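Notes to accompany the following structure.
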There are 2 protein chains.
Amino acid sequence: MRMHASHPLSAFLPTRQLRVPQGDFDDEIGTDGRTIVYIEEGVVKLVGHLGADREQIAAFAFEGDVLVVPAHVSTPHTLHALKDSVVYFLRSDDLLLKGRPATGAGQLLDRILADLGRSRELSALLGRKSARERICGFLVEMEERIGRRENGAVTLDLPMSRREIGDHLGLTIETVSRQLTDLRERRAIATCGRSRIDILDPQGLRALAGSVD
Amino acid sequence: MRMHASHPLSAFLPTRQLRVPQGDFDDEIGTDGRTIVYIEEGVVKLVGHLGADREQIAAFAFEGDVLVVPAHVSTPHTLHALKDSVVYFLRSDDLLLKGRPATGAGQLLDRILADLGRSRELSALLGRKSARERICGFLVEMEERIGRRENGAVTLDLPMSRREIGDHLGLTIETVSRQLTDLRERRAIATCGRSRIDILDPQGLRALAGSVD
DNA sequence: CGTCACTTTGAGCAGGTTCAATCTTTGTGG
DNA sequence: CCACAAAGATTGAACCTGCTCAAAGTGACG
């Protein structure tokens, strides 16, 4: 499903490729209009800043994802790379007004709407789910987006820290840690080092995630 | 800023106008693809269903707003009219692939991105704000979207109930009520009946909303 | 092998929920 | 126009989930 090296985006629109090392790259985002980012390689997080060290991670974006950086909102948002990444920038103004909707435009719009869909899903999670449900919902989402099948179980290599997971799910690191410990004791997952998580019971996890499905 | 009677949307795209009485109109939404809704008149809410009477109101949409109904997400979403409304439906497939990007297309995309911006703002609110901050943030947003200036103060005629406010902000009706009472006692707002709220101290409200701004 | 950042675990606390009772608003029919 | 009913809103008291603060443990990298 991912766009390839000579992907449609750059084929018909004025994009700007950027290789970013792990870390911040806020300078690259224009503040005057909405920016659309396509992740060609790596992992990126979109962070909302509420002041006083309060952060809400609005989204994690992986290879092939599109991320819309909001403008004209009261919470300032910035982008950060969790790994060395290659991204393309695109101003929303350029998407339609220049004419020439090509093959890639529909795909791009689809991905923008997918981004919006994930945002709605996050709202439901933050507004109405318990800590247990949030963690399980997060693990299920990660499984679907970056899980690798490995003889039976699904393996996750999480590129984000406990703090970042907490800042995404509206929880503290302590609560994240406790919930993961609990899931480990229930044999729903197994952990190995800081970033690796094996999903032992995908169905159990989905049940605990508390969605309708 | 709102589109007018012969608005660009219908001028270049296959839309479907629908007059809906107050209440549900879920049947009208196709389940097979993402649906984009333009509110010509009235007020609409987008509801995410988490089962067991748990609801998250993802968005309220007023005249001139565009609302994207997410598809392919694990939380089913439905639309409801809070008043008699007139809305236009548009499938995302039809937006770009048919060619002919017209004047309205850019405007429409802008509004889709505005919808996404509001969704990000909501995530920040739900993930990281206290009950007090949520209520104040909500009032400030409503002030900006549907507030009417009336000799000095700004007046709101809220079309939603306390329950709906709670289901939007991730709070119970009791907490919403208590917070409003508290704001009334601090002389930040005044209430009149169930739906009318006068904003007496807009700046104070913004300060209590806890955004950076 | 030592250091530093990150993670885990524990104990006490607090903001918001739950449950229950009362009060207010709104709409309806006499 | 008033009385009544039903839905919605407010208030109170007890409780509970997740937070805060603190300390100990673990992994990653020089």
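A quick note: this is a predicted structure, and the numbers were derived from the prediction, not measured. In what follows, chains carry the letters A, B, and so on, assigned in the order in which the sequence lines appear, proteins first and then strands, with residues in each chain numbered from 1.
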- Testing D/dT10, C/dT7, D/dT11 for proximity to the side chain of A/S161, the answer is C/dT7
- Task: Could you walk me through whether B/L82 and B/K45 pass side chain to side chain contact (heavy atoms under 4.5 Å, CB included), step by step?
- Result: CA-CA 7 Å; B/L82 300 189; B/K45 65 173 175 177; 3.8 Å; yes
- Do the side chain of B/Q56 and the main chain of B/H168 share a donor and acceptor less than 3.5 angstrom apart? yes
- So, do B/D157 and B/I146 sit near enough that their side-chain heavy atoms are less than 4.5 Å apart? no
- Task: List the steps and the verdict of side chain to side chain donor-acceptor pair (under 3.5 Å) for A/R184 and A/T191.
- Result: CA-CA 7 Å; A/R184 198 184 317 121; A/T191 58; 3.0 Å; yes
- Message: Between the side chains of B/R206 and B/E143, is the shortest nitrogen-to-carboxylate-oxygen separation below 4.0 Å, so that they form an ion pair?
- Response: yes
- Please confirm whether the backbone N or O of B/T75 pairs with a side-chain atom of B/H77, one donor and one acceptor, at under 3.5 Å? yes
- B/R187 atom CZ, over 12 foreign heavy atoms within 6.0 Å: no
- Got a donor-acceptor contact below 3.5 angstrom from the A/R120 side chain to the B/V68 backbone? yes
- Sorted by number, the residues of residues 164-172 of chain A with heavy-atom contact under 4.0 Å to DNA chain D: A/G170, A/L171, A/T172
- At under 4.0 Å between heavy atoms, what does B/T175 touch on the DNA or RNA strands: base, sugar-phosphate, or nothing? base
- Here the residues of residues 179-195 of chain A within 4.0 Å heavy-atom distance, strictly under, of DNA chain C are A/T181, A/R184, A/R194
- Separation of atom CE in A/M160 from atom C1' in C/dA5, rounded to whole Å: 19 Å
- Message: Could you tell me how far apart A/R196 (CZ) and C/dT7 (C1') are, to the nearest whole angstrom?
- Response: 19 Å
- Can you check whether any acceptor in the base of C/dG15 is under 3.5 Å from a donor in the side chain of B/R178, or vice versa? no
- Message: I need the single residue from A/L139, A/D182, A/I135 that forms a side-chain contact (heavy atoms from CB on, under 4.5 Å) with A/I189. Which is it?
- Response: A/L139
- Item | Flag, side chain of A/S85 to backbone of A/A81, donor-acceptor distance under 3.5 Å | no
- Query: Does the side chain of A/R163 get closer than 4.0 angstrom to OP1 or OP2 of C/dC6 through an N or O atom?
  - Reply: no
- Note on the structure: Which of D/dA9, C/dT18, C/dT17 is nearest the side chain of B/E174? It is C/dT18
- Between D/dA7 atom C1' and B/I173 atom CD1, what is the distance in whole Å? 11 Å
- Whole Å only: how far is the CG atom of A/L125 from the P atom of D/dG18? 12 Å
- Item | Value in whole Å for how far the C1' atom of C/dC6 lies from CG of A/L158 | 14 Å
- Heavy-atom donor-acceptor pair, A/E133 side chain to A/S130 backbone, under 3.5 Å: yes
- Query: Rounded to whole angstroms, how far apart are CG on B/D53 and C1' on C/dT17?
  - Reply: 16 Å
- Query: Between residues 127-135 of chain B and DNA chain C, which residues have a heavy-atom gap below 4.0 Å?
  - Reply: B/S130, B/A131
